[in-house]
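Let me begin by presenting the structure, written as structure tokens, before commenting on it.
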Amino acid sequence: MYTAGRGSVDSTDSGFLAGWTHWQSNSPHRQEGCPGVGTMASEISLSFSILRRSTLGPNVTLQEAARKTLWALENDNKEMLLLFKELSARLVSIQAQNDVFIVTFKTIEEIWKFTTYLSLGIVACTLEHLLFDERYWLNATLVEDTEIQVSVNQDELATLYLGLLLQEGCFYARAVVHDAGAQAEEEKEFLAVSVNDVVYVKDVGDESSWEGQSLSTGERGLLPIISVEPLSHPFYQWFLKTYPTSCNVTEQNCRNITSQPIGLGQCTARENHSATEWDELSYCRGDAIEVVGFFVPGLKWFVGKCNSTGATGFVQTKHVDPNCLKPLGKDLLFLSEDEKIFLNSFDEDAQKGPVELLSSLAKTDVSSVYRLDGLDPVEIYLKSPAVVREDFGGTQISDSWEEIEALSDSSKCSVSEKSSPDSERRYELEGFHVHGQEDIDDPKFFVDLNAGDLEDSEVFDPVLTFLNKAGYDTQFQPLYDLSMSFLNSTFYGFSEEEDLVMYLETSRNWAKRNNMSWAHIRCCFLLGRICAKRMKLSQARVYFEEALSAINHGFLDLQLLAALYGNLSAIYLKQNLKTKQELLLEKAASLLTCISQHNFSSENELEVLKYIFRKAVIVNNASLESRTCFLIYRLLYQLGRHEESLPFLERLQFLLITSCSQTLDSNTSVMPFLSYLYDKKYLPHVALASARLYKSVGMKRMPSPLWRVGVVMQNISKIMGCPLKGNHIPAQAAPYLKHALSSSYESGDVKAQRTLCILLAKLYLQRSLLSGAIGYTKRAVELGRWSSEEEAFESALFLGWLYILNGHFEKACHMLMPLLDSMQETDSTTQCGVVHNLLANAQKRNKMVAESSRGYSYALKMATETGNRRNQAIALANFGTLSVSCQAFIMAERYFIKSIQLFIDVQDSGDAERELAQVLYWLGKLLIEQQKLEDGRVCFELALLFAMKSNNLKSQLLVIEELSTFYSEVCPTIGAHITYCEHWVHLLQLLKDRQKEGDVLSTLSRLYQTLNTAKSLRKALDYTKQSLRISIDLGQHEKSAERWIQAGKLYYLLQEDELVEIYLHAGIQASSKAEHFTATLHLYEAAGDVFFHGLQTREKALPFYKDGALPLAKKLEDKRSQLRIYHKLTQLLIHQGDYKSSLEYATMAVRLSTLVDEPIHQLVAFHRLAGVYYALQVYEIAEYCYLKALSVCSSPIQHTAEAGYYVKVYWRLGDIALHRRKDAEDAVTYLSLALAAAVEVGNEEFQLLLMGKLSDVYRKFLCDEEQADIFIKQILQLGNNHTCT
């Protein structure tokens, strides 16, 4: 496994992948040839663990929270797919239980990018932002103490990398065996290589060898497969393929210097040397040579100065002893002090956007817009639940600024973003662009070829005198810079570039005639630059070569010398002039690399830098690679080729971490630039992670603290897919805001402090953490007094409003009264009205009705004077809520209606529409309470309409709940209830309230089930499955079990019998795991009820009752449940015709019913037992049980239902007495009692039937004709009465 965490890298070089020697050593099928592509891994596992920095142990609570998030993402992994796509990986699956992601790659470039992100700690940080909710980010202590460690199986990654290389068929490798071809077959021409030589290999179909080309010598030949191993980092493969350049490295002293650092100072010559070229230095053995710039290992030359002669020139690195050189300090690594300043500088334009964003977010309208009392200040998102303060260790927010400040100070050790010491001073920012020369009076030369004779040298004397200065002068900078600013600054008056070329050509000729060598050289150099710009490379080469041939004291102007060598060498490389480039290229490489603070003069110098980097790969020297990476990035950034510069910047950061044994806490870091470039490339997750990793300890010239916060918020907005709004501050921004505040507090930047305090106050207000919001606003009030009266007034109003929201009404009055007293006649009428309205809100909450009414009157009057209809509407709505509190409902209704009329006229913003929706909601509730149902419904639906128009989720949610209640309880309408519940689900999905979403989905399922059509049942099943999935993800075992049962019931109704019992048993099993026996009992019973209340396969209910529910009820000694189950078993067995078994359960029910206090249970038990005996034809006992049941009934009869029961039972008893026992007297008694009950019920049909029956009994069995005739007459009379009516 290799591991990378946030802010640290494993001690092994985690950015490099193993070769197939590693693969073969771990492979059970080891072979001497190439491993087959089929044996390679196709997927890798990426696991993560969450640790506590303080104890270095696991954080079990956070790990479990992350696991729950993954469970949810397993079912809806769109967000996760986007994240891994951004990380250049392909997500295959999520194994939440094991905290593992399974990913794969299809190209070498994908592996390269992913392993880079992994090594830089970006993967871990992206998971941190994905897995944790806002409760985590609001807990600053927890955030600082948490580290996510990401691990990848090294063997899987290595074999996948090798498999992709073999699939491509050609790649770069390093020799691992010296001269391996010498022992191979003689008939084949093998390539001679040394250990660590880099070769380009190609599969030619031979099982034992490949075709190879050495990058050092350019020679070609065959190579045994076992003699090479692919370059260990995919970045090398990408670079060498993308930028192919020949590189000749034959000097042995340039090899095997992996660990040799860049040096400076003085060294000693080890041998004598006589210069063969003007630019070389002559020296004797033992001479002390001062290094000019740097001594860079891996290069052939460096620039040195002989102390004995004072001469400067090139010195071969192999001629000196580098051990006496002083290595660069750990804080410099591979840079000079000036270059480090450049590396730690940031372009002001890059900072402008994010800083302006924060400034706009910090603005409030509290001093111009009235506050609607009772309106939740949260604009879009729901309140965070109270557990925000408890979960993950608790987020403790205090009213005390000292405690808040202490919290910020506690994080200074990790992030201390220094701002300027002067609060009014802007940051002194420097980019990689060359400083302008505005402050220098640069000479300018008018180009006019028509004025005077071209043969007159006096015309060119000024420019030649200027160009002929020996050595370097700052006024020459426009001649050498990358933008070729001399075209617009040094020379002017020409309309076409050809005029300037002719002018410089003539100047060059005069310089040659007058032996003005420096002027001659510089004229040729400028002509060469113009030709190179036009892509006339051959002509440019002629000019550069002429300049080079004329130079003999070039080290006096190192800028010119480096530019000349660099441009000419680049042309040689482009034109593939190998014989010429061998003489110049290495020296050009030394000038570009060794001279600190080199100012690039041409895009063509990139060719030389690519050659140097290629050489760094070949010689395997990290110091040379790091410095070249920095130079390539710097040049590409200056050219505006940001996307091309990004890989080199990533590589540079990786080398800063690994090669130089640094961590991300180093004060040399390029993370801010990475974050900036990722942001430009629209990689929001990666940009957010790099901003998280950026720590600026000791960096005095890095981006402002506000910039980092702005970048974070911009990219969070991109990830969420919604623009930032005034009241929405993402919770993930909390730690960045606090760190920025700490840094601004140190620097004394009052304006930045106030901006950050307001943002933090809004953040806490958004989540209804009012104590935290009040604490930061208090500090903003103090800071506002140091900045301006307007800001102090606005902050004080904001604080007063927060006091009202938090229930501190007296504090609010004490805060607002002085503001009202201090208002002058010349002050803004609107501001006076704002204070009156806010003070009235506080007085109303403090039960000061008269004072509140007076304040609203003043506020309404001032809003009317200024013509501000929105403020008028708010004041009237506040009057309405005041009237409601006084139970003056008619007056409140009038105020609300007038307010709504004004709001409709001023729908100019989302805030006004939100306020309108709130007032409509209040009016709707008021009308419903007054039983004006239709008017109330219209108000609710209008409120929803305006909330949807303003895209305000909070307001929509508030209204949709009321509409759902209205259509379910007040005015039940299934169709409308379904419509609003479905919209409710949509809102909850946007708000990511999964618990509530699951509950509403269950409600929807029940509603669709009531429609009882095939289509509606299928819809109900779909909603049940969705709610089931959510409850499983959230670990809600009881709800999961209930929803399993519900799904089984729906499958039963859909007659998909093969799935019914599967779901029912799954629900019972889910409940059993939780060991909640009472719930399991009810689920067994519910599972049986599915079949018991159905129309088919009712017998399947038996095992759920008999084997599941009944034993649990006995174990729990739940008598009521036992009794209920006995009844169901009795009825079920009777339905099956098993009267013997049903008698057993009916008897037990009777015995148990006597232990229950409620008589109804005895009645039911005796009635069921009587039914069983009747079915068994044991009529005497049946009669006894019926009479026992009747004896339990209340007397006198209390409900018509009881009378109906009497009718049926006495009819049954009469039937038993007459036909079974042959006792007509008893039969008449029972039937007479039944007739009395029927009369009590008023059921004429039963009365007629019973009278007829009694008449028959008297006539046939008792032979009493007189009594029979009486009943006949009663029948006729009842019939006549029925006919008349």
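Side-chain atoms of Glu144 and His739 include a donor-acceptor pair closer than 3.5 Å. Using modelled atom types and a 3.5 Å distance limit, the side chains of Tyr117 and Glu86 yield no donor-acceptor pair. A donor-acceptor pair shorter than 3.5 Å cannot be found between the side chains of Asp481 and Asn599.
Between the OG1 atom in Thr146 and the CD1 atom in Ile50 there is a gap of 7.5 Å [rounded to 0.5 Å]. Atom CD1 of Ile719 and atom CG of Leu83 lie 8.0 Å apart (nearest 0.5 Å). Separating the NZ atom in Lys78 from the CG atom in Leu81 is a distance of 10.0 Å, to the nearest 0.5 Å. Atom CD1 in Ile148 sits 7.5 Å away from atom SG in Cys125 (nearest 0.5 Å). Within the model, atoms OG of Ser359 and CG of Leu706 stand 6.5 Å from one another, a figure rounded to the nearest 0.5 Å. The distance from atom CG of Asn715 to atom OH of Tyr682, rounded to the nearest 0.5 Å, is 8.5 Å.
Ile122 places a side-chain heavy atom less than 4.5 Å from the side chain of Leu87. For the pair Ile632 and Ile612, the minimum side-chain heavy-atom distance is 4.5 Å or more. In this structure, Leu624 and Ile262 have side chains that are not in contact, with every pair of non-hydrogen atoms separated by 4.5 Å or more. Counting heavy atoms from C-beta outward, Leu240 and Leu231 have side chains that approach closer than 4.5 Å. Looking at heavy atoms from C-beta onward, Pro672 lies out of side-chain contact with Arg708 at the 4.5 angstrom threshold. Counting heavy atoms from C-beta on, the side chains of Trp238 and Tyr243 come closer than 4.5 Å. Considering only heavy atoms from C-beta on, Ile729 comes within 4.5 Å of Leu737 through its side chain. Phe132 is not listed as a side-chain neighbour of Leu142, based on a closest heavy-atom distance of 4.5 Å or more.
For Gln714 against Pro354, the heavy-atom pair with the smallest separation is OE1-CG, 4.0 Å. Listed here is the closest heavy atom pair of Val712 and Ala691: CG2-CB, 3.8 Å. Heavy-atom minimum distance, Ala562 versus Leu591: CA-CD1, 3.8 Å. Of all heavy-atom pairs spanning Leu482 and Arg529, the tightest one is O-NH2, 3.9 Å. Shortest non-hydrogen contact noted between Cys629 and Phe648 is SG-O, 3.7 Å. Pairing each heavy atom of Leu783 with each of Cys757, the nearest pair is CD1-SG, 4.1 Å.
In terms of the ring-ring contact (aromatic ring centres under 6.0 Å, His included) criterion, residue partners of Phe84 (sequence neighbours excluded) are, by chain and number, Phe101. Under the rule for a side chain to side chain donor-acceptor pair (under 3.5 Å), the partners of Asn567 that lie at least two apart in sequence or sit in another chain are Ser601, Ser602. In this structure, Glu109 has no side chain to side chain donor-acceptor pair (under 3.5 Å) partners at least two apart in sequence or on a different chain. Evaluation of the side chain to side chain donor-acceptor pair (under 3.5 Å) rule for Lys992 yields no partner, not counting sequence neighbours. For Glu625, the side chain to side chain donor-acceptor pair (under 3.5 Å) partners are Tyr236, Arg651, not counting sequence neighbours. Remark: Phe613 pairs with Phe235, Phe239 by the ring-ring contact (aromatic ring centres under 6.0 Å, His included) rule, at least two apart or across chains.
At least one donor-acceptor pair closer than 3.5 Å links the side chain of Thr69 to the backbone N or O of Leu131. Side-chain atoms of Glu79 do not come within 3.5 Å of backbone N or O of Leu73 as any donor-acceptor pair. Judged by distance alone, with hydrogens and angles left aside, the side-chain atoms of Ser675 form no donor-acceptor pair with the main-chain N or O of Met671 at under 3.5 Å. Within the 3.5 Å criterion, the main-chain N or O of Lys738 finds no donor-acceptor partner in the side chain of Ser742. Listed for the Ser690 side chain is a donor-acceptor partner under 3.5 Å among the backbone atoms of Ala687. A donor-acceptor pair under 3.5 Å links the side-chain atoms of Lys762 to the main chain of Lys363, judged by distance alone. For Ser645 (side chain) and His642 (main-chain N/O), a donor-acceptor pair under 3.5 Å exists by modelled atom type. The backbone N or O of Met713 sits nowhere less than 3.5 Å from a side-chain atom of Ser717 that would complete a donor-acceptor pair. Remark: side-chain polar atoms of Glu147 are not paired, donor with acceptor, to backbone N or O of Arg53 under 3.5 angstrom.
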Steps toward side-chain contact (heavy atoms from CB on, under 4.5 Å) verdict (Thr116, Leu120)
CA-CA 6 Å; Thr116 299; Leu120 299 185; 4.1 Å; yes
Does the pair Asp679 and Lys718 meet the rule for a side-chain contact (heavy atoms from CB on, under 4.5 Å), with working shown?
CA-CA 10 Å; Asp679 183 46; Lys718 292 175 184 176; 2.7 Å; yes
Could you walk me through whether Trp137 and Leu763 pass side-chain contact (heavy atoms from CB on, under 4.5 Å), step by step?
CA-CA 11 Å; Trp137 295 103; Leu763 185 147; over 6 Å; no
Report the C-alpha separation of Tyr678 and Leu688 in whole Å, then their side-chain angles, then the decisive distance to 0.1 Å, and conclude whether the side-chain contact (heavy atoms from CB on, under 4.5 Å) test is met.
CA-CA 9 Å; Tyr678 289 140; Leu688 191 60; over 6 Å; no
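Between His129 and Tyr736, the ring planes lie parallel to each other; the angle is under 30°, not in the 30° to 60° tilted range.
Heavy-atom neighbours of Lys681 NZ from other residues, nucleotides or ligands within 6.0 Å: above the threshold of 12.
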